[in-house]
Amino acid sequence: MKTVIVGGVAGGASAAARLRRLDESAKIIILERGEYVSFANCGLPYYIGGVIDDKSKLTLQTPESFRARFNIDVRTSNEAVKIDPAAKSVTVKNLKTGELYEESYDSLILSPGAEPIRPNLPGVNGENVFTLRNIPDTFKIKSYIETAKPKSAAVIGGGYIGVEMAENLKESGLDVTVVELSDHLIAPLDFDMAADVHRYIKSKGIKLYLNNGLRAVDGKTVVLDSGSFDSDMVILSVGVRPETALARDCGIEVNQRGSIIVDSHMKTNFADIYAVGDAVQVDDFITEQPSFIPLAGPANKQGRIAADNIAGISSEYTGTQGSAVLKLFDMTVATTGINEKSARSAGIDYDKAYIYSGSHASYYPGATNMSIKALWDKKTLKIIGAQIVGFDGVDKRMDVIAAAIRFGARITDLTKLELCYAPPFGSAKDPVNMLGFVAENVVTGKVKQFFWHDVEGLPRDESVTLLDVRTKTEVSRGKIDGFINIPLDALRDRLSELPKDKPVYVHCHSGLRSYIACRILSGNGYDCYNLAGGWRLYESVINEKTVPEYICTECK
């Protein structure tokens, strides 16, 4: 049995290693047109920023190590230029010698990945304009910084790679500006969760141009749809597209985007040709709709599944849910599942909840708060998405929620999880549990919510009561117009000030004390609504003001 693999990074390398572990006698060839295989794509920005200072650490395997450990024939600088499915052969070009040769196969795995989009705009091919996909791109950017000594950099695109590049360019001493076409950074986030990211990244000295697109690069002038600014270098990070011309040209089915269409076994429309990684169309795990979600974790899993099926083990890929995490200086941003925009597009009737919880017990030094948002399907109560923005402990909470989604958990099931607790690591009621408690209160009707986007539309007349139950000190830092202040601990003694024949809309700092206020009010015959996420979320979204970070002990 002979398997040829086109592409030797995440999906291709994973497939090759798995296939060898399953079949010691198989002949396995990796064709990689670049100079490197099995390199750490996700680590490339951190070499530019100096966090990774040894370039050899960017490569997880070499052709020699693949040969020694796995007996795999890895051919770098060898590009597959044509596939003949009928003859079951690949035409290969040796990029060093120019030689063309044929390589037969019993099974073929395509793992060509995705290439950065370089928009057709004036000046984007200038010597100071870069994209980042592979190790040579990384060395080119690093060399430019060391030799040309630029003082400033523009990052066009505020996705994961763009934000990581902005951080690492800033850490390299450059003055950095990020340009993003949409109204917020990091597309999987909703705008309300991205607001904290905007405030934080600006506090680090990075300038943002949101709702603005690139029009041209004129030497060292970056021309936008609205305005312009000077920058010594430009990083294009406006997205990627599947690199699938080789597949399309031989008759392999692709969708309108160009992604290779595969079944759950990673098979294409040709029985002996498989495809994996960023080049393939996947089913969104939540919506079950065809999607393009280029991530390293799914690519590795798909490579393993393709190898299983070639070796005779029936193995299926069950969809991508988009679990991802991002480091931004000291901040951590994590997402899984879908956001509100995607839920609306999919026609899902959903509800949502927010909490603002400490990374560990507030009495143990060093705790910081994290903002957590979750969406669930109203009909089934299944969790369909979550977003967390914070500092310590974000990744482990998101991993728990991602696992819960994968196994079909309902939002109320989060209340049942028994998670590890000690004061340095968490709280007796972990933030994941707290998220479940808040959602359970909503689902069971113990509390009715209103949201930051409802506040402006609330009447400022005698038809409703708008109530702020924070302390007077908190109110002095900022307030929402029209809300009267009665601190929570004085509420029972001042109920006579609130007419019972009007609905009461309540808020506190995070939503917890106002929930308690709603329970007091409801127990005394009032119709009460709680501001989900509280003043903190409202202020962040509406104003993006810099406010002191502190642990609200009453919010525990």
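The analysis underlying the following values was restricted to heavy atoms, covering all of them including side chains, and did not include hydrogens, waters or symmetry mates.
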List, one per line, each side-chain donor-acceptor pair under 3.5 Å for residues 374-381, sequence neighbours excluded.
residue : atom : partner : partner atom : Å
D377    : OD1  : K379    : N            : 2.8
D377    : OD1  : T380    : N            : 3.4
T380    : OG1  : K382    : N            : 3.2

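- Between E539 and R199 there is a salt bridge, since a side-chain N of the basic residue sits under 4.0 Å from a carboxylate O of the acidic one.
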- Task: Run the numbers on L210 and N212 for side-chain contact (heavy atoms from CB on, under 4.5 Å), then give the verdict.
- Result: CA-CA 5 Å; L210 301 174; N212 219 328; over 6 Å; no

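- Looking only at side-chain heavy atoms (C-beta outward), V223 and L214 stay at 4.5 Å or farther from each other.
- Residue P242 comes nearest to R257 through the heavy atom pair CG-O, 3.9 Å, listed as atom of the first residue, atom of the second, then distance.
- Ion pair E115/R133 not flagged as a salt bridge, since none of the NZ, NE, NH1 or NH2 atoms sits closer than 4.0 Å to an Asp/Glu carboxylate oxygen.
- Every residue two or more places apart in sequence or in another chain that forms a ring pair (Phe, Tyr, Trp, His ring centres under 6.0 Å) with Y505 is listed here: F450, Y529.
- Of the possible polar contacts, one joining the H360 side chain to the P365 backbone as a donor-acceptor pair under 3.5 Å is found.
- Counted within 6.0 Å of CG on D481, heavy atoms from surrounding residues, nucleotides or ligands total 12 or fewer; the atom is thus considered open.
- Within the 3.5 Å criterion, the main-chain N or O of A409 finds no donor-acceptor partner in the side chain of D413.
- For the pair N339 (side chain) and P188 (backbone), a donor-acceptor distance under 3.5 Å is present.
- The side chain to side chain contact (heavy atoms under 4.5 Å, CB included) test applied to F329 returns E167, K170, E171, Y200, K204, I206, not counting sequence neighbours.
- Distance alone, capped at 3.5 Å, places no donor-acceptor pair between the N433 side chain and the K429 backbone.
- One side chain, T335 or Y160, offers a donor N or O that lies under 3.5 Å from an acceptor on the other.
- Looking at T320, its side chain never comes within 3.5 Å of a backbone N or O of G322 through a donor-acceptor pair.
- D454 places none of its side-chain heavy atoms less than 4.5 Å from the side chain of L531.
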- Task: Apply side-chain contact (heavy atoms from CB on, under 4.5 Å) to the pair L44 and I48, showing each step before the final yes or no.
- Result: CA-CA 7 Å; L44 300 181; I48 293 169; 5.7 Å; no

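- Closest of all the heavy-atom pairs between S231 and V222 is CB-CG2, 4.0 Å.
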Please tabulate, for side-chain N and O atoms in residues 391-405, each donor-acceptor pair with protein atoms closer than 3.5 Å (sequence neighbours left out).
residue : atom : partner : partner atom : Å
K396    : NZ   : F425    : O            : 2.9
R397    : NE   : D430    : OD1          : 3.3
R397    : NE   : D430    : OD2          : 3.4
R397    : NH1  : S359    : O            : 3.3
R397    : NH1  : G393    : O            : 3.3
R397    : NH2  : S359    : O            : 3.1
R397    : NH2  : D430    : OD1          : 3.0

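- Using a cutoff of 4.0 Å between basic side-chain nitrogens and carboxylate oxygens, K352 and E340 are scored as salt-bridged.
- With respect to D190 and K373, a salt bridge is recorded, a charged nitrogen being found less than 4.0 Å from a carboxylate O.
- Across I141 and M233, no two heavy atoms sit closer than the pair CG2-CE, 4.0 Å.
- No side-chain heavy atom of D489 sits under 4.5 Å from any side-chain heavy atom of L491.
- Side-chain atoms of S345 come within 3.5 Å of backbone atoms of K341 as a donor-acceptor pair (strictly under, hydrogens ignored).
- For the pair L224 and F229, the minimum side-chain heavy-atom distance is below 4.5 Å.
- Here E180 pairs with nothing under the salt bridge (charged side-chain N to carboxylate O under 4.0 Å, His left out) rule; sequence neighbours left out.
- Applying the salt bridge (charged side-chain N to carboxylate O under 4.0 Å, His left out) criterion to R492, with sequence neighbours excluded, gives no partner residue.
- When ring centroids are compared, H507 and Y538 stay outside the 6.0 Å threshold.
- A pairwise comparison of heavy atoms in A353 and V438 identifies CB-CG1, 4.0 Å as the closest pair.
- Residues in residues 441-453 take part in these salt bridge (charged side-chain N to carboxylate O under 4.0 Å, His left out) pairs, two or more places apart or across chains: K448-D527.
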- Give the C-alpha distance, both sets of side-chain angles, the deciding distance and a yes or no for side chain to side chain donor-acceptor pair (under 3.5 Å) between E440 and T412. CA-CA 5 Å; E440 183 180 62; T412 50; 5.8 Å; no

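- Atom OH of Y354 sits about 10.5 Å away from atom OG of S371, to the nearest 0.5 Å.
- Two residues are said to be in side-chain contact when any heavy atoms from C-beta on lie closer than 4.5 Å; I484 and L498 meet this criterion.
- Judged as a disulfide (SG to SG under 2.5 Å), the pairs with a partner in residues 509-540 (not counting sequence neighbours) are, in order, C518-C528.
- By the salt bridge (charged side-chain N to carboxylate O under 4.0 Å, His left out) test, D225 pairs with R215, sequence neighbours left out.
- Under the 4.0 Å criterion applied to side-chain N and carboxylate O atoms, E474 and R536 are not assigned as salt-bridge partners.
- Among residues two or more places apart in sequence or in another chain, the ring pair (Phe, Tyr, Trp, His ring centres under 6.0 Å) test is passed with Y46 by none.
- V432 approaches L419 most closely through the heavy-atom pair CB-CD1, 3.9 Å.
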- Check step by step if side-chain contact (heavy atoms from CB on, under 4.5 Å) holds for K479 and N485. CA-CA 9 Å; K479 63 181 183 178; N485 176 229; over 6 Å; no

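- When side chains are defined from C-beta on, I480 counts as touching V455, because their heavy atoms get closer than 4.5 Å.
- A donor-acceptor pair is defined here as one N or O able to donate and one able to accept, closer than 3.5 Å; no such pair exists between the side chain of N168 and the backbone of G50.
- A donor-acceptor pair is defined here as one N or O able to donate and one able to accept, closer than 3.5 Å; no such pair exists between the side chain of H509 and the backbone of R470.
- For R304, there are no salt bridge (charged side-chain N to carboxylate O under 4.0 Å, His left out) partners, not counting sequence neighbours.
- Contact annotation: the side chain of R406 approaches that of T318 to within less than 4.5 Å [non-hydrogen atoms, C-beta and beyond].
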Identify all side-chain donor-acceptor contacts of residues 276-290 below 3.5 Å with residues at least two apart in sequence or on another chain.
residue : atom : partner : partner atom : Å
Q281    : OE1  : N255    : ND2          : 2.8
D284    : OD1  : I286    : N            : 2.8
D284    : OD1  : T287    : N            : 3.0
T287    : OG1  : Q289    : N            : 3.2

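- Counting non-hydrogen atoms of other residues, nucleotides and ligands closer than 6.0 Å to OH of Y364 gives a total of 12 or fewer.
- Looking only at distances, no side-chain donor or acceptor of D175 sits under 3.5 Å from a matching main-chain atom of K151.
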- Go through the steps for T332 and K327 under the test side-chain contact (heavy atoms from CB on, under 4.5 Å), then give the verdict. CA-CA 5 Å; T332 305; K327 173 189 174 296; 5.7 Å; no

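- Of all heavy-atom pairs between P459 and S463, the closest is CG-OG, 3.6 Å.
- The backbone N or O of D232 sits less than 3.5 Å from a side-chain atom of S152, completing a donor-acceptor pair.
- In this structure the side chain of V217 never reaches within 4.5 angstrom of the side chain of L121, judged on heavy atoms.
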